[in-house]
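Notes to accompany the following structure.
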There are 2 protein chains.
Amino acid sequence: MAKRITSQEDSGPARAVTKEDVARVAGVSHITVSRVINSPDKVAPATREKVLAEIARMGYIPNLLAGGLASRRTRIVAAVVPTIGHSIFAETVRGMSEYLMAHGYQLLLGQSDYSEDIETRLVEAFIGRRVDGLVLTGVQHTPATRQRLRTAGIPVVETWDLTPEPIDMLAGFSNYDAGAAMGDYLVEQGYRRIAFVGGDDPRGVARLAGLSAALKRHRLRAPVRITASPGSFLQGGREAMVTLLEQHRDIDAAFFSNDVIAAGAVLECDRRKVRIPQDIAIAGFANLDIASEINPPLTTVHVSSHRIGETAARMLLARLGGKDAEADTVSDLGFSIVRRGSA
Amino acid sequence: MAKRITSQEDSGPARAVTKEDVARVAGVSHITVSRVINSPDKVAPATREKVLAEIARMGYIPNLLAGGLASRRTRIVAAVVPTIGHSIFAETVRGMSEYLMAHGYQLLLGQSDYSEDIETRLVEAFIGRRVDGLVLTGVQHTPATRQRLRTAGIPVVETWDLTPEPIDMLAGFSNYDAGAAMGDYLVEQGYRRIAFVGGDDPRGVARLAGLSAALKRHRLRAPVRITASPGSFLQGGREAMVTLLEQHRDIDAAFFSNDVIAAGAVLECDRRKVRIPQDIAIAGFANLDIASEINPPLTTVHVSSHRIGETAARMLLARLGGKDAEADTVSDLGFSIVRRGSA
DNA sequence: CTGTTAGCGCGTTCAC
DNA sequence: GTGAACGCGCTAACAG
């Protein structure tokens, strides 16, 4: 339908249409085409229409690589999450992605699999791509990561925790306080011998530390710590509950590192006719859908996974927009204990 | 510690270290530095060591933007998924991301929210970034998307379904056949009045079509179609089950569009003391963790979410590696009915 | 409102 | 084994 512009042979991967091509056909210079795209107001309506028409007709797509190289702005934000397989991080990524997309930015995603070294490699690669900003999960990073980030001088938001010494910006909540709050709550409810079920990621460790501190404050024994096996959360929760039931009969409440693991434990109790919370109380973390739907519904810690991502993106773009003065650099999104039937 | 290379003032965002800088300090030309990075074998060991040492010391990170511009290869692959909030797509993204990362590629991620128009915009942006390859979800795309992709001439893998006319490559399974297979299975089990619970995404529609065809073949009535409300899957499943139980008392089996919705239905039955499968049989889709853990465990359709992503990435990199001859262009990953207690 | 001149940092091609 | 020249496609600064 559209007649071919050049008469060149169809051999080879037909060089992409360039600004020059559009400019030539539209009878203007390439910089005018550039303006039509980047600041349409600065171009006379007539010229603009003509150029726009030509762009559409030729299917011209600006080369953002070249643009980024010249302008030193890529409109790409990179994020490192431990894994996108956990819905809490998936939610965070979703929040970020939505905000970024709505503002003309794109998301480059990396998974660290909870390894700080992989994170370092990812950060290096992202810096190489000259991303405009970077979002990290957690506040614990290798010296190499910090070093790279410092010299690169790009805005960074650390998420999912707080620290007195952030690399740059911060969007999260205190995992330590969350653990302590759940400890206080469980003690208030009358539970005295408490277990913590979770892995050894830094944020889980922080919550355990908070829990321990709370118990200590109440002059109770330190929590029993159970490590859930990796792999399926539901199954890990089941297994942890078996361990609890068979090897720690004195435990009267267990705080799980996330709602899915807790749900697995609930399912195991259901199977064994163990009553919740009479025989053992169960508390989860994150306030996922499953927490309110399972029977009994889970007492848990609500955290704003989606908002963390959205906030991180917003802080980044605010900084990039140059509003350093206004933009806050730390955003404590908080948490809250959600009381339901399980504890 | 490391003495400063240049004596320039510390004002401004200290221009990033460049290949030239490294070359100067190492006493070679920038092309040698380039070789040390891209093809170390072509450089004398002594020079190589010296350059590598200098790279490490100066914290030099190659500008991949410039490299991509010059070489026309970015080592970035982009993917469009409906949403990363559904674990099936999160798994696919995880599989892709892992494979890509292991091979030195990076993943640019976009969410279409099931909108073909958003997909088109994303594809355009990705092409502008000159990604080396593109992974799409599904086989249904706007003419604009197809057009852009054709003229850009970059490798594309469509996933999560099959079609006789792919844009380029294909990694998925037949949703139609999967629906039909589940239909056959349910009929074999003696169910006669069957409902389908799901949304209206193209793949769900294909499964419904398959189911309908199967029922027709068995001379049974067309399936009752229930649309699960969006938002929480578990709750959507509960509500769908309420509808089924209260308004369609003749239904003896329901095929849900995914295991989480099906699990919600199971939870509702549990609450109402409705027996599964005696009072109503339930079948899910995807074979997620929850399918095997819930009580009763779900009969479902197993699909390889993770492998779809991995396969898509592999096909793309194979093509990029130039092995077009060998590389297969269509990968039917199949599905299988997993029989458990619920149907 | 429009055009000209210079790079952005790198890879490619060819020489040496 | 190493280097020089050139251009990738675009934006920034200034000019007109």
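Residue numbers start from 1 in every chain, and the chains themselves are labelled A, B, ... in the order their sequence lines are given, proteins ahead of strands. Given the structure is predicted, the values throughout are model-derived calculations rather than measurements. Basis for what follows: all heavy atoms, side chains included, without hydrogens, waters or symmetry-related copies.
In terms of phosphate contacts, N63(A) brings no side-chain nitrogen or oxygen within less than 4.0 Å of OP1 or OP2 of dC8(D). Of the side-chain N and O atoms in S71(A), none sit less than 4.0 angstrom from OP1 or OP2 of dC10(D). Listed pair Y60(B) / dG9(C) fails the phosphate criterion, with no side-chain N or O lying under 4.0 Å from OP1 or OP2. S34(B) has a side-chain polar atom (N or O) that falls below the 4.0 Å cut-off from OP1 or OP2 of dG11(C). For R72(A) and dG9(C), the shortest distance from a side-chain N or O to OP1 or OP2 is below 4.0 Å. Between T18(B) and dC10(C) there is a side-chain N or O to OP1 or OP2 distance below 4.0 Å.
Across all strands shown, K42(A) has heavy atoms under 4.0 Å from base atoms, whether or not it also approaches the sugar-phosphate.
Rounding to the nearest 0.5 angstrom, the gap separating the CZ atom in R148(B) from the CD atom in E124(B) is 4.0 Å. Put simply, CG on L64(A) and CG on L69(A) are 12.0 Å apart, with the number rounded to the nearest 0.5 Å.
Judged by distance alone, the side chain of T92(B) and the main-chain N or O of S305(B) form a donor-acceptor pair under 3.5 Å.
For the pair L69(A) and V43(A), nearest-nucleotide mapping onto DNA chain C gives the more 5' position to V43(A). Of the residues near DNA chain C, R35(B) and P62(B), the one whose nearest nucleotide (by heavy atom distance) lies more toward the 5' end is P62(B). DNA chain D is contacted by both A70(A) and S29(B); S29(B) maps to the nucleotide lying nearer its 5′ end (nearest heavy atom per residue). For the pair T32(B) and N38(A), both in contact range of DNA chain D, the more 5′-proximal nearest nucleotide belongs to T32(B).
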Exercise. How far apart are the C-alpha atoms of S115(A) and S112(A), what are their side-chain angles, what is the distance that settles it, and do they pass the side-chain hydrogen bond (donor to acceptor under 3.5 Å, both in side chains) test?
Worked result: CA-CA 5 Å; S115(A) 154; S112(A) 70; over 6 Å; no

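At whole-Å resolution of the value, CG in D41(A) and C1' in dC1(C) are 12 Å apart. As rounded to whole Å, 11 Å separates atom C1' of dC10(C) from atom CZ of R130(A). Put simply, CD on E49(A) is 14 Å from P on dC1(C), counting in whole angstrom units. Atoms CZ (R129(A)) and C1' (dC8(C)) sit 17 Å apart, rounded to a whole Å. Spacing between atom NE2 of H30(A) and atom P of dG7(D) amounts to 15 Å, rounded to whole angstrom units. Rounded to whole Å, atom P of dT5(C) lies 13 Å from atom CD1 of I31(A). The CZ atom of R73(A) sits 13 Å away from the C1' atom of dA12(D) (whole-angstrom rounding). For the pair E20(B) CD and dC10(C) C1', the interatomic distance rounds to 9 Å; values are reported in whole Å.
Of all nucleotides listed (dC10(C), dC10(D), dG3(D)), dC10(C) comes nearest to the side chain of K19(B).
R94(A) has a carboxylate O that lies under 4.0 Å from a charged side-chain N of E98(A), or vice versa, which qualifies the two as a salt bridge.
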